[in-house]
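Since the structure is predicted, the reported quantities are computational estimates derived from the model, not experimental observations. Whatever order the structure lists them in is the order used to number ligands and atoms, beginning at 1. The chain is numbered in sequence order, starting from 1.
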Amino acid sequence: MEQNEKQLSFKDALDRNLRGWKIIWNYQPKLMIAFLLQAVFDGLGPYVTIYLSALIVDELAGERSPERLTFLVIVCLLASAAVLIGRGALGRWAQAESDCFYHLEEKIYMDKATSMEFARIDSQKTYDVYSQMKQNRQWMLYGLYRDVWHLPQLLKSLLQIMGGIGLSVTLFLKKVPTDHMLSFLNSPLAAVVCLGLMLLIAVLSPFLSNLSEGYWVRYAPMAKLGNRVFSVFFFTAQEGKRCADMRMYRQNQNVIEPLMDSCDSFLPGSAIAKWSKGRKGLFAGLSKAVSAVMTGVVYLFVCLKAWAGAFGVGMVTQYVGAITRLFAGVADFLEACGNLRANASFLDTTFEYLDLPNEMYQGSLTTEKRSDRNYQVEFRDVSFKYPGSETWALRHVNMKFQVGSRLAVVGQNGSGKTTFIKLLCRLYDPTEGEILLNGIDIRKYRYEDYIQIFSVVFQDFQLFALPLGENVAGSRHYDRDAVSDCLQKAGFGERLTHMEKGLDTYLYKDLDKEGVEISGGEAQKVAIARALYKNAPFLILDEPTAALDPIAEAEIYGKFNEIASDRTTVYISHRLSSCRFCDEIAVFDQGAVVQEGSHEELLQDADGKYYELWHAQAQYYTEEAVRVLLG
Ligand code: ADP
C-alpha cells in the first residue's frame with residue numbers, strides 16, 4: 001500500500017476527495033444521490049422522534065389532556081415510522097448502488113486501460129502503479145471505493161450538528177430562578193465551561209479513535225509484501241485451472257505457505273497484532289470511554305437545570321437526546337475528516353494511474369477505404385528497443401509488403417518476429433526509422449483508422465465467456481451466415497455441427513452452466529475465424545497452428561489460400577514446414593532480417609540461417625508426418 005509519508009494538508013486532502021467524488025458522480029450519479037439522501041435522513045431523522053417525544057413527556061408531566069396526548073402520540077408514531085421507512089428504503093437503495101459501484105470501479109480502470117496506448121500498458125511502471133492501486137483497494141478498500149462513504153459521512157455529521165444545535169440552543173437561554181442555589185448556572189461562564197467540557201470530550205474521542213485507526217495506515221507499507229504475495233498466490237491458487245499444478249507439486253505447502261510465513265502480515269506476531277494489544281487498542285478503548293463520560297456530563301448539566309426549575313421534564317429528554325447526538329455529530333465530523341485525509345494519500349495512487357498520459361503521436365489522416373485493398377506497407381530502416389530496455393529487439397529492418405502476397409516470418413524464439421508485428425500494428429512506434437502506409441508515415445494516420453486494416457491472431461489471443469457467434473463477430477449483432485462461413489474456413493465447422501445451440505452456444509461456463517469448454521486448438525480456430533470475419537486487408541497470424549494437432553494443422557494449410565483470399569498475409573512461425581506455401585519468407589535472427597526469398601531459394605544457401613534451421617527441424621517433420629499418417 002502506497003502511502004505518502006508526509007501528512008497532507010486538509011485542503012489538499014479535500015481536493016483529492018473532491019476529484020474522487022466527481023469521478024464517481026460521472027460514472028454513477030445515482031450512487032451519490034442515494035448516499036446523500038440517506039445522509040439527510042440519518043442526520044436529521046432521529047431529531048423528529050426526539051422533538052415529538054419531548055412534547056409527549058411534557059404533556060404527561062403537565063396538563064395530560066387526552067385529546068392532545070392522542071394527537072401527539074399519533075403524530076409521533078407516524079413521523080417516526082415515516083423516518084424509519086425512509087431510512088430503511090434509502091439504506092437498501094444506497095447499499096444496492098454501492099454494491100454496483102464495487103464492480104463499476106473496475107470499469108473505471110478498464111476504461112483507462114483500454115484507452116491507454118499499448119506501450120504504456122506493457123510497461124513495468126504502469127504495472128507497478130496499477131498493482132499498487134489494486135492492493136490499496138484490497139487493503140481496507142482504500143481509494144475510490146472508500147471515497148464513496150466520506151461525502152455522506154461529512155454531510156450526515158454536519159446535519160446532525162445543525163439539528164442538535166437547533167434543538168438544544170434554548171438549554172443555555174432558559175434561566176434557573178434567581179433565588180435558587182443553582183442560579184450560578186445562568187451565568188455565561190457556566191455555559192462556556194459546560195460547553196467547553198463537552199467540546200473537549202467531543203474532540204478527544206475521535207482524536208483518540210483516529211490515533212487508533214492511524215495504525216492501519218502506518219501498517220500499510222509494512223504489509224505491502226504480504227499483501228502482494230497474498231493476492232498473487234492465494235487468488236491464483238483458487239483458479240480451477242491451477243489446481244492440478246498445485247496438487248502435483250504440493251505448491252501450497254512447499255512454496256506459498258512458507259512464503260506467507262516469511263512475511264508476517266497476517267500472523268499473530270505481526271506488528272498490527274502487537275499494536276492492537278498495545279497502544280492501538282488502548283486508544284480505541286479510551287475513545288469509547290471518553291464518549292461515555294460525555295453522556296454523563298450532558299445528563300449532569302441538563303438535570304441540574306431541570307431540578308433547579310429552568311424547564312420541565314419533557315425538555316430533559318429533548319436536550320439530552322439532542323446534545324448527545326450533536327456531539328456524536330462532532331465526533332463523526334472529525335472522524336470523517338480523518339478518514340478523508342487518510343484516504344487522500346491512497347487516492348494519489350489511483351489518480352497517478354488514471355493520469356498516466358498517452359504519449360504516442362496521434363495523426364489526423366484517415367485511411368481511405370479501398371475496395372482494391374491496395375494498401376502498401378513498408379518498413380524503412382526500422383530499429384526498436386522496448387521501453388526501459390538497453391538491447392535492440394529489432395535492428396535496421398527494411399521490408400515492403402507486396403499487396404495480396406503471403407509473407408512468412410520465421411526465426412528462433414526471441415529473434416524479433418512478434419515485435420515486428422507489434423510495430424506493424426502500431427502497438428509501439430519505432431525507436432528509429434519509419435513505417436509507411438501508401439508512402440505516408442503511419443503516425444500521421446488516425447490510430448483507430450490505421451488498425452482497422454489489420455486482422456491479427458496473436459499468440460495470446462483472448463476469447464470471452466460469451467456465445468460463440470459473438471466471439472467471432474466481436475459484436476452482439478452479426479451476420480450469422482458470415483460467421484458460420486468463417487468458422488468453417490478456420491476448421492471449426494465439424495465441431496459447430498455438434499453444438500446444439502450452434503452459434504448461440506456459450507464458450508466456457510463462467511456465464512452459462514451449459515457453456516462448453518473448448519480445447520486450446522479449438523480456441524485457436526475460433527480466433528482465426530474472428531480474424532477472418534473482420535475481413536481486413538491485412539491478415540496476420542502469429543503462430544496460428546501452435547496449439548493444433550498435426551491433422552488440424554494440415555487442414556488449415558490445405559485451406560490457406562482460401563483463408564487468405566486476396567488479403568496481404570503475414571504468417572509467423574518457428575516451424576519452417578508450415579511456411580513453404582508462402583510466396584516470400586523473411587528470416588529473422590537477433591532482431592534483424594538476415595535472409596529473404598522463397599523456400600527453394602533460401603535452401604540453396606547452405607551457410608544461411610534458413611538452411612541451418614530447416615535441417616535442425618527436419619527430424620521433427622518426419623515425426624509429425626508419421627503422426628499425421630497414423631491419424
Ligand atoms: P519472437 O516473437 O521471435 O519469439 P519477440 O519479438 O517476442 O521474439 O522478442 C524479441 C526480443 O524482445 C527478445 O529478446 C525479447 O526478450 C524482447 N522482448 C519481447 N517483449 C518484450 C517486452 N515487453 N519488454 C522488453 N523486452 C521484450
If we only count N/O pairs under 3.5 Å, is [X] in contact with ligand 1?
{"X": "Gln459", "value": "no"}
{"X": "Ser415", "value": "yes"}
{"X": "Lys417", "value": "yes"}
{"X": "Gly416", "value": "yes"}
{"X": "Tyr428", "value": "no"}

Test log, rule side chain to side chain donor-acceptor pair (under 3.5 Å), inputs Gln124 and Asp128: CA-CA 6 Å; Gln124 184 62 36; Asp128 283 347; 3.1 Å; yes

Verify salt bridge (Lys or Arg N to Asp or Glu O under 4.0 Å) between Asp512 and Lys509, making sure each step is shown before the conclusion. CA-CA 5 Å; Asp512 182 356; Lys509 297 193 185 294; over 6 Å; no

Using side-chain heavy atoms (C-beta onward) and a distance below 4.5 Å, is Leu539 in contact with Tyr571?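 They are not in side-chain contact.
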
Does atom 25 (C) of ligand 1 have a protein non-hydrogen atom under 4.0 Å from it?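 Protein heavy atoms within 4.0 Å of atom 25 (C) of ligand 1 - there is at least one.
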
Is the shortest distance from atom 16 (O) of ligand 1 to a protein heavy atom below 4.0 Å?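 False for atom 16 (O) of ligand 1.
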
Interfacing atoms of ligand 1 (cut-off 4.0 Å, heavy-atom, [X]):
{"X": "Asn413", "result": "4 (O)"}
{"X": "Gln412", "result": "3 (O)"}
{"X": "Asp122", "result": "23 (N)"}
{"X": "Thr419", "result": "5 (P), 6 (O), 9 (O), 10 (C)"}

Measure centre to centre between the rings of Phe384 and Tyr386, then say whether the value is under 6.0 Å.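 Yes, ring centres under 6.0 Å apart.
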
Determine whether the aromatic ring centres of residues Tyr478 and Tyr533 are separated by less than 6.0 angstrom.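 Here the rings of Tyr478 and Tyr533 have centres that are no less than 6.0 Å from each other.
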
Test side chain to side chain donor-acceptor pair (under 3.5 Å) on Thr419 and Tyr428; report intermediate values, then the result. CA-CA 9 Å; Thr419 307; Tyr428 291 95; over 6 Å; no

Going by an N to O cut-off under 4.0 Å, is there a salt bridge joining Lys525 and Glu522?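 Looking at Lys525 and Glu522, the cut-off is not met.
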
Can a donor-acceptor pair be found, under 3.5 Å and without considering hydrogens, that links the side chain of Asn398 to the backbone of Arg380?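 Checked: no pair found.
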
Under 3.5 Å donor-acceptor, Glu352 side chain and Val129 backbone: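 Answer holds: no.
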
Specify the protein heavy atom at minimum distance from atom 7 (O) of ligand 1: its residue, its atom name, and the distance to 0.1 Å.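 Answer for atom 7 (O) of ligand 1: Thr418 CB, 3.8 Å.
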
Please write down residue, atom name and distance for the protein heavy atom closest to atom 14 (O) of ligand 1.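 Closest protein heavy atom to atom 14 (O) of ligand 1: Gly414 O, 4.0 Å.
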
Taking atom 21 (C) of ligand 1 as the point of reference, which of Phe420, Trp392, Phe588, Tyr386 owns the nearest heavy atom?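 Among Phe420, Trp392, Phe588, Tyr386, the closest heavy atom to atom 21 (C) of ligand 1 belongs to Tyr386.
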
